[in-house]
Amino acid sequence: MRLSQKLFVTLRDDPADAEIPSHKLLLRAGYIRRIGSGVYAYLPLMWRVLQKISQIVREEMNATGAEECLLPQLQPAELWKESGRWDTYTKAEGIMFSLVDRREQQLGLGPTHEEVITTVARDMIRSYRQLPLHLYQIQTKFRDEIRPRFGLMRGREFIMKDGYSFHADEESLKKTYQDMYTAYSHILRRSGLAFRAVEADSGAIGGSGSTEFMVLADAGEDEVLYTEDGKYAANVEKAVSLPADGEISPFTTFEKRETPGTDTIEKLCSFLKCSPTQIVKNVLYQTVYDNGLNVLVLVNIRGDQEVNEVKLQNELTKLASQFGAKTVLSFSVPTQEIIATWTAKSLPLGYIAPDLGDDYIAGSKQVNSKFVRLVDQTAVELNNFVTGANETGFHVVGTNWGEQFKLPELVVDIRKARPGDRSLHDSTQTLQSARGIEAGHIFQLGTKYSEAMGATYTNEQGEEKPLIMGCYGVGVSRLAQSAVEQSYDKDGIIWPVAIAPYHAIVTIPNIKDAQQIAVAEKLYTELNKAGVETLLDDRDERAGVKFKDADLIGIPLRIVTGRAITNGKVEVVKRATHESQEIPIEEVVNTLKQWVKDAIAG
């Protein structure tokens, strides 16, 4: 392709609304254009990148025996109501675009396709002889992000590969799950990306186990905790660890003490000259379930620890059936204004004790009249601890479970693992932290959707059983931007060769020089014939502008038909290193062909 004939416009300055380097560079280099909030046009250069990534994905998926299909973007609400996720996606997370058609039927624009594929399986799979089955698609998805940001990283419309497998038993599911683990690792390696596979929370997708594939980058929205021995890695939402050892309490007898102005852990420690590891912190949460009921939660945790709200939400979701509900719509630490709507009497905020009475709650149909009480394992292990006295300005010291306070029945792990914590698998290993961009996620779904939607098969004994499912997703457009976020410099993008829009660009410094043009045209034609995808910059621009544009758009190799042609050579510059060398014209095609082959092979 000749640049003079291509839709090619670059910007010299960073766009005002772009926040991270990859977003700025993709806009500046003419890969994407913003059409609306979180909605982008993929311009020709970007489309070539996306096609290359999609091809790598197809090759790796097909190699596992998965079959490609295409599922509808427009999905009937009835399917999502069958699975129990309609309210979760339209109200709780609120990420599904929902609409009503002219027949007054509710529909959603698909953020994911578990319900659709389960419907297909329910209608078409009858016998164990049809299993296992694995279908995938590369499709545009939609999510109504509250704050679309970072370009293609968190857009409202994006391209994704999602696949779904069906099995007769857990062993078969685990085999496909492992196949996908391997395939996803190959996809990311072939795309030239440094990544880490980590344990992850399954979130609204559900299922018993999941793994995220994180592209390592400073601008990543996710925090990954890992050990240097390579034996443990997890998203911070899922991570577990051993907390730091607590200090022995200096308080050996129970006593109520006046502690004015100590409504934070820091202030209390300063006043009592004690360690936060000797304190039981009591945190209030308000949870709204999908049946409209507000449930009030009191969490006890060691004073130096933080509540992992993803883990807490998972625990509260497990309790949903006790309240006649299916799922959590929302939960948060309530503000004083919200507290005022349900309290029967003034709460001693900052001085709450583990036995805060249910009589603080005013009875109503919308609010349950008892606290749900959860205690984290870190608080269970404390002796002679410090905690609130349920009276403003007072705490109690030298306190013990089973003496002054009853230990809650629900003992859980809801603490947030942190860098520096000791690892569970080896206490000599400490957790390290890195930032990551989630590029892929695989799930063992089990029977969550098949049971809810009645998708069954007949086994060898003639019994009807629910299909066992797996789910596997790769963000194609997200992966493209992740590559830029991981590899750029002050001059622009540095594409990995395998997914670069073109392998090489031939730059003519002076288009009025007939010899420069002739050599450039010859190399351009021969390189493309040899399989080295090549651009020709034949624009009537200054050489400096052309060189800057070539660096900005990140083409791996630049061939310059400049002064060296008088010696029968051209200058070849490697974008990643800026390494420059002169190569005889007759050797350029074979040399670059081998370089590209070696780079793609890894």
Side-chain angles (χ1 to χ4, degrees), residues 57 60-71 75 78-86 88-89 110-137 139 160-185 197-213 238 314 317-318 320-321 326-327 440-474:
V57 170
E60 293 298 333
M61 292 301 296
N62 293 345
T64 69
E67 293 184 276
E68 188 171 4
C69 62
L70 190 63
L71 303 171
Q75 303 183 21
E78 287 75 17
L79 300 183
W80 287 73
K81 289 176 181 177
E82 277 188 62
S83 71
R85 293 205 302 173
W86 180 255
T88 301
Y89 270 74
T112 184
H113 279 72
E114 284 80 11
E115 283 77 5
V116 169
I117 202 71
T118 304
T119 300
V120 171
R122 178 176 64 190
D123 292 346
M124 299 187 72
I125 296 176
R126 292 285 176 262
S127 167
Y128 70 93
R129 293 187 180 88
Q130 296 171 267
L131 302 173
L133 178 69
H134 188 173
L135 302 174
Y136 77 94
Q137 64 169 346
Q139 172 68 288
M160 182 176 175
K161 188 288 296 184
D162 52 326
Y164 306 90
S165 62
F166 299 90
H167 309 268
D169 53 52
E170 291 287 342
E171 184 179 350
S172 175
L173 168 61
K174 288 178 180 176
K175 181 184 182 305
T176 298
Y177 186 83
Q178 186 57 49
D179 287 345
M180 288 301 99
Y181 187 102
T182 302
Y184 277 36
S185 298
V198 304
E199 292 180 20
D201 182 73
S202 296
I205 300 292
S208 59
S210 72
T211 300
E212 285 176 337
F213 292 81
K238 179 76 172 181
N314 290 340
T317 300
K318 293 176 188 176
S321 61
K326 291 181 180 178
T327 190
H441 203 158
I442 60 177
F443 303 83
Q444 296 181 46
L445 295 179
T447 59
K448 173 179 176 177
Y449 296 92
S450 55
E451 286 184 344
M453 301 181 71
T456 62
Y457 73 100
T458 303
N459 67 12
E460 290 184 70
Q461 290 74 41
E463 301 167 320
E464 197 169 287
K465 297 286 186 180
L467 290 160
I468 296 171
M469 294 176 59
C471 168
Y472 321 96
V474 167

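With sequence neighbours left out, the salt bridge (Lys or Arg N to Asp or Glu O under 4.0 Å) criterion links Glu212 to no other residue.
Within the 4.5 Å cutoff, side-chain heavy atoms of Lys161 are placed close to those of Tyr184. By the 4.5 Å heavy-atom criterion applied to side chains, Ile117 and Phe166 are counted as neighbours. The closest side-chain heavy-atom distance from Tyr449 to Met469 is below 4.5 Å. Leu79 has its side chain out of reach of Thr118: every pair of non-hydrogen atoms, C-beta onward, lies at least 4.5 Å apart. A heavy-atom distance below 4.5 Å is found between the side chains of Thr176 and Tyr472. In this structure, the side chains of Asn62 and Tyr136 come closer than 4.5 Å at one or more pairs of heavy atoms. Leu467 has its side chain out of reach of Arg122: every pair of non-hydrogen atoms, C-beta onward, lies at least 4.5 Å apart.
With values rounded to the nearest 0.5 angstrom, Thr112 atom OG1 is found 11.5 Å from Gln139 atom CD.
Here the side chain of Thr64 pairs a donor or acceptor atom with the backbone of Met61 at under 3.5 angstrom. The main-chain N or O of Trp80 is never found under 3.5 Å from a side-chain atom of Gln75 such that the two would form a donor-acceptor pair. A donor-acceptor distance shorter than 3.5 angstrom exists from the side chain of Gln130 to the backbone of Ser127, with no hydrogens or angles considered. The closest donor-acceptor contact from the side chain of Arg85 to the backbone of Glu82 lies at 3.5 Å or more, if one exists at all. Counting only distance, with no hydrogens or angles, the side chain of Tyr457 and the backbone of Ala168 share a donor-acceptor pair below 3.5 Å.
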Subject >> Step-by-step side chain to side chain contact (heavy atoms under 4.5 Å, CB included) determination, Ser83 to Glu114 >> reply: CA-CA 9 Å; Ser83 71; Glu114 284 80 11; over 6 Å; no

Subject >> Steps toward side chain to side chain contact (heavy atoms under 4.5 Å, CB included) verdict (Asp162, Gln137) >> reply: CA-CA 6 Å; Asp162 52 326; Gln137 64 169 346; 3.0 Å; yes

